[in-house]
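Scroll down for the structure; my scribbles are underneath it.
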Amino acid sequence: MVDRIDRCGGCGASGLEPVLDLGVSPLANRLCSEAELSGPEPRYPLEVLRCDHCSLVQLSCVVPRDALFSRYVYFSSYSDTMLAHSRELALEVVASRGLGAQSLALEIASNDGYLLQYYRDAGVKVLGIEPASNVAEVARGRGIATRTAFFGRALGAELRAEGIAADVVHAHNVLAHVDDLPGFVHGIADVLAPGGVAVVEVPYVRDLVEEVEFDTIYHEHVYYFSATAIARLLEREGLVLADVERVAIHGGSLRVFAMHRGAAMSSRARTLLAEERLLGIDQAAFYRDFAARVVALREETVELLRDLRAKGARIAAYGASAKGSTLLNYFGIGSAEIDYVVDRSDAKQGLFTPGTHLPILAPETLLSDRPDYVLLLTWNFKDEILEQQRAYREAGGRFILPVPRPQIL
């Protein structure tokens, strides 16, 4: 059991308004072993609310972080797209900021060193902060100095007391995960050197709503950001939104550049904030029909899969991902529609999907087994996966893209 939140996790205001209710769902990254299939599986409410005061979108409850991250099986380096995205960004920051041997690049939730390796290779000192011990161990094995800890206000102060001041602080796809959002941002301010920059990437709530990317919602993602909400959050903790850009990764994200108070805001940041005001992204009307569109997507997708099954088609899925778990569980898609899921991560192979208990196999299974269709759950890496599965497609296999509407490719 978890308590329902009655105050905004960003600003503390009361009176949160409902946006979308996805029911009660298992933890998206808690894959099951065969021995666990008959045992109890924890499930929690998955409901989205918005704050009318600061416009932050958030879940109605926060699952204890030990339950979320003690059995973490996501390794960023399994995605070629993520590696290319990270290398390009790291080299761009090294060049634009003039970083060298005396500089420090620090990443919060550094995973397996997927990003910091490129700073190290450029001759920049690195430090990773990663709470999952199994993942941190992989990073250390690659020569990436890594502390196993949850980052927040206390650790930021501790690092500062040790004299650690980072010229660049990265926080990619982690700001949405924290239970104390103001404390996390305050910690960034503490560890960021004067004149340094924090580079923060988060899925963009505008893309989530406009493209019906509801499967980005799961218990790890407590918060869903607009530039407006981030600018207000940063200001409260002594930072400023110096710049922001939209990037395509993960179905549409914001890349935020934050600096200490006193830094100027770029024209690009001012333009995006003005766009959001015109859209009314901080108003209830922007979210009004989102829930209805999600329900319509569920009905259309389930109808398509069941119609294909009725015609004798065999269907698999690609990606034992968190977003895939949300989609399968909310849509009610299981073994009646899908035979199995494939995933590139050998840490997931041999396990079973949360809630739906579909077996997870290696991607090579698609070519050897030849299912007629594959539901692409990791649609955010569509181009990479379609190229990876060229032989399967040339043999007649077809992929189904589920978002923003079901489409057979």
(message) So, applying side chain to side chain donor-acceptor pair (under 3.5 Å) with Y318, which one of R344, K382, Q388, Q389 is it?
(response)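 Only match with Y318 under side chain to side chain donor-acceptor pair (under 3.5 Å): Q388.
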Do any side-chain atoms of residues 269-280 form donor-acceptor pairs under 3.5 angstrom with protein atoms, and if so which ones, sequence neighbours left out?
{"unit_1": "R270", "atom_1": "NH1", "unit_2": "M265", "atom_2": "O", "d": "2.6"}
{"unit_1": "T271", "atom_1": "OG1", "unit_2": "S267", "atom_2": "O", "d": "2.9"}
{"unit_1": "E275", "atom_1": "OE1", "unit_2": "R206", "atom_2": "NH1", "d": "3.1"}
{"unit_1": "E276", "atom_1": "OE1", "unit_2": "A227", "atom_2": "N", "d": "3.3"}
{"unit_1": "E276", "atom_1": "OE1", "unit_2": "T228", "atom_2": "N", "d": "2.8"}
{"unit_1": "E276", "atom_1": "OE1", "unit_2": "T228", "atom_2": "OG1", "d": "2.5"}
{"unit_1": "E276", "atom_1": "OE2", "unit_2": "Y204", "atom_2": "OH", "d": "2.5"}
{"unit_1": "E276", "atom_1": "OE2", "unit_2": "A227", "atom_2": "N", "d": "2.9"}

Looking at [X] and [Y], what are the two nearest heavy atoms and their distance?
X    : Y    : answer
V212 : V403 : O-CG1, 3.8 Å
A320 : K348 : O-NZ, 3.0 Å
D207 : S253 : OD2-N, 4.2 Å
V178 : Y223 : O-CE1, 3.2 Å
P182 : G9   : CD-O, 3.2 Å
Y392 : P371 : OH-O, 2.8 Å

Check: [Y] main-chain N/O paired with [X] side-chain donor or acceptor under 3.5 Å:
X    : Y    : value
S345 : A347 : yes
E130 : A132 : yes
Y114 : R87  : no
D372 : R314 : yes
S110 : G113 : no
Q349 : D343 : yes
H260 : L192 : yes
R50  : D282 : yes
E299 : A296 : no
T326 : I217 : yes

Flag the pair [X] / [Y] as yes when at least one side-chain heavy-atom distance between them is below 4.5 Å, and no otherwise.
X    : Y    : result
L16  : C8   : yes
V57  : V209 : no
Y118 : L89  : no
I108 : H170 : no
V62  : I5   : yes
C11  : H53  : yes
V126 : L104 : no
Y373 : L305 : no

(request) Applying salt bridge (Lys or Arg N to Asp or Glu O under 4.0 Å), run through D112 and R142 and close with a yes or a no. (result) CA-CA 8 Å; D112 57 8; R142 292 177 167 177; 3.7 Å; yes
Check the surroundings of atom [atom1] in [X]: do more than 12 heavy atoms from other residues, nucleotides or ligands lie under 6.0 Å from it?
X    : atom1 : answer
E34  : CD    : no
R255 : CZ    : yes
E162 : CD    : yes
E41  : CD    : yes

Spatial distance of atom [atom1] ([X]) from atom [atom2] ([Y]) [nearest 0.5 Å]:
X    : Y    : atom1 : atom2 : value
L49  : Y287 : CG    : OH    : 12.0 Å
R147 : I129 : CZ    : CD1   : 6.0 Å
R405 : L297 : CZ    : CG    : 9.0 Å
F257 : L241 : CZ    : CG    : 10.5 Å
R120 : I144 : CZ    : CD1   : 4.0 Å
D190 : L155 : CG    : CG    : 10.0 Å

(message) As a quick check of understanding, evaluate side chain to side chain contact (heavy atoms under 4.5 Å, CB included) for V256 and V199, giving each step before the final call.
(response) CA-CA 6 Å; V256 170; V199 185; over 6 Å; no
(request) Taking the six-membered ring for Trp and the full ring for Phe, Tyr or His, determine whether the centres of H357 and F352 are under 6.0 Å apart. (result)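 When the ring centroids of H357 and F352 are compared, they turn out to be at least 6.0 Å apart.
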(request) Examine F184 together with F150 and report whether their ring centres are nearer than 6.0 Å. (result) no
(message) I408 vs L401, test: side chain to side chain contact (heavy atoms under 4.5 Å, CB included). Steps then yes/no.
(response) CA-CA 6 Å; I408 299 177; L401 188 68; over 6 Å; no
(message) Run R232 and E235 through salt bridge (Lys or Arg N to Asp or Glu O under 4.0 Å) and show every step you take.
(response) CA-CA 5 Å; R232 293 170 178 173; E235 183 179 3; over 6 Å; no
(request) Output, in order, the C-alpha distance, side-chain angles, deciding distance and verdict of ring-ring contact (aromatic ring centres under 6.0 Å, His included) for Y218 and Y330. (result) CA-CA 11 Å; Y218 43 91; Y330 178 65; over 10 Å; no
(request) Could you walk me through whether T148 and R140 pass the side chain to side chain contact (heavy atoms under 4.5 Å, CB included) test, one step at a time? (result) CA-CA 10 Å; T148 303; R140 284 190 284 268; 3.4 Å; yes
Output side-chain donor-acceptor pairs under 3.5 Å for residues 332-339, partner residues at least two apart or in another chain, one line each.
{"unit_1": "E337", "atom_1": "OE1", "unit_2": "G334", "atom_2": "N", "d": "2.9"}
{"unit_1": "E337", "atom_1": "OE2", "unit_2": "R306", "atom_2": "NE", "d": "3.1"}
{"unit_1": "E337", "atom_1": "OE2", "unit_2": "R306", "atom_2": "NH2", "d": "3.3"}
{"unit_1": "D339", "atom_1": "OD1", "unit_2": "R309", "atom_2": "NH1", "d": "3.4"}
{"unit_1": "D339", "atom_1": "OD1", "unit_2": "R309", "atom_2": "NH2", "d": "2.8"}

(request) Could you please spell out the steps behind the side chain to side chain donor-acceptor pair (under 3.5 Å) verdict for N173 and E201? (result) CA-CA 6 Å; N173 301 296; E201 288 189 6; 4.8 Å; no
(request) Look at K323 together with E213 and state whether they make a salt bridge at an N to O cut-off of under 4.0 Å. (result) no
(message) Does this structure show an ion pair linking R268 with D243, if we count only N-O contacts that are shorter than 4.0 Å?
(response)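 Judged by the 4.0 Å cut-off on N to carboxylate O distance, R268 and D243 do form a salt bridge.
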(request) Report the C-alpha separation of D369 and Y340 in whole Å, then their side-chain angles, then the decisive distance to 0.1 Å, and conclude whether the side chain to side chain contact (heavy atoms under 4.5 Å, CB included) test is met. (result) CA-CA 11 Å; D369 185 54; Y340 54 83; 2.7 Å; yes
(request) Applying side chain to side chain donor-acceptor pair (under 3.5 Å), run through H221 and Q58 and close with a yes or a no. (result) CA-CA 8 Å; H221 284 177; Q58 55 208 279; over 6 Å; no
